Amino acid sequence: NEYSIVQRYVAALMFYTLDGASWTNSWSNGTGYLPYNHECEWNGITCNEQDLIININLAGNNLKGELVRELGELIFIDVLNLESNALE
């Protein structure tokens with residue numbers, strides 16, 4: 001569905017704009033690129049039964065940069081924990 005594409009896009013945008021290849025627990029598994037598996041399987045992401053992202057916990061994960069405004073498109077998120085990172 002359309003929302004699944006939006007949530008994957010936003011997660012990918014977070015990865016590339018917040019220096020995802022340098023994260024302590026990177027989604028790229030050392031490759032520098034996002035994996036092919038579903039974003040619900042990525043470290044720090046929790047989804048509900050419908051595979052909608054409801055929790056992102058990337059606290060203390062070496063994120064660097066500025067949050068993207070598209071993060072607001074993840075309308076099903078209950079918890080967003082990005083503390084202890086170098087965010088602007």
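As the structure is a computational prediction, the values presented were derived from the model and not from experiment.
Between Trp23 and Asn62, the shortest heavy-atom contact is CD1-O, 3.8 Å. Here the shortest heavy-atom pairing between Ser28 and Ala21 reads OG-CA, 4.3 Å. Taking both residues in full, the closest heavy atoms of Trp27 and Asn43 are given as NE1-O, 2.6 Å, listed atom of the first, atom of the second, then distance. Taking all atoms of both residues into account, the shortest heavy-atom contact from Ser26 to Gly20 is OG-O, 2.7 Å.
Taking OG from Ser22 and CG from Leu63, the interatomic distance works out to 10.0 Å, rounded to the nearest 0.5 Å. Remark: Leu80 CG to Leu82 CG distance equals 4.0 Å, nearest 0.5 Å. A distance of 6.5 Å separates CD1 of Ile54 from OG1 of Thr46, quoted to the nearest 0.5 Å. Here CD1 of Ile56 is found 12.0 Å from CG of Asn61. Values are rounded to the nearest 0.5 Å. In this structure, SG on Cys47 lies 9.0 Å from CD on Glu41, to the nearest 0.5 angstrom. We find the CG-CG distance between Asn85 and Asp19 to be 11.0 Å, quoted to the nearest 0.5 Å.
Within the structure, every pair that satisfies the side chain to side chain donor-acceptor pair (under 3.5 Å) test and touches residues 6-17, not counting sequence neighbours, is listed here: Gln7-Glu39, Arg8-Glu39. Sorted by first then second residue, the salt bridge (charged side-chain N to carboxylate O under 4.0 Å, His left out) pairs that include residues 48-61, not counting sequence neighbours, number zero.
Not counting sequence neighbours, Ser84 has no partner by the side chain to side chain contact (heavy atoms under 4.5 Å, CB included) test.
Criterion: ILVMFWY side-chain heavy atoms under 4.5 Å apart, direct or through other members. Under it, Val79 and Leu67 are not part of a common hydrophobic cluster. Phe76 and Ile5 are assigned to two separate hydrophobic clusters, defined by single-linkage of ILVMFWY side chains at heavy-atom distances under 4.5 Å.
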Please step through side-chain contact (heavy atoms from CB on, under 4.5 Å) for the pair Asn81 and Leu58, ending with a clear verdict.
CA-CA 6 Å; Asn81 185 357; Leu58 297 173; over 6 Å; no
Checking side-chain contact (heavy atoms from CB on, under 4.5 Å) for the pair Lys64/Leu87: CA distance, chi angles, key distance, verdict?
CA-CA 5 Å; Lys64 300 174 197 156; Leu87 298 173; over 6 Å; no
Under the side-chain contact (heavy atoms from CB on, under 4.5 Å) rule, what do Ile77 and Asn55 come out as? Steps first, then yes or no, please.
CA-CA 5 Å; Ile77 286 193; Asn55 183 333; over 6 Å; no
Test log, rule side-chain contact (heavy atoms from CB on, under 4.5 Å), inputs Tyr3 and Leu74
CA-CA 9 Å; Tyr3 186 77; Leu74 300 179; 3.9 Å; yes
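Taking the six-membered ring wherever Trp is involved, the centroid distance between the rings of Trp42 and Phe15 does not fall below 6.0 Å.
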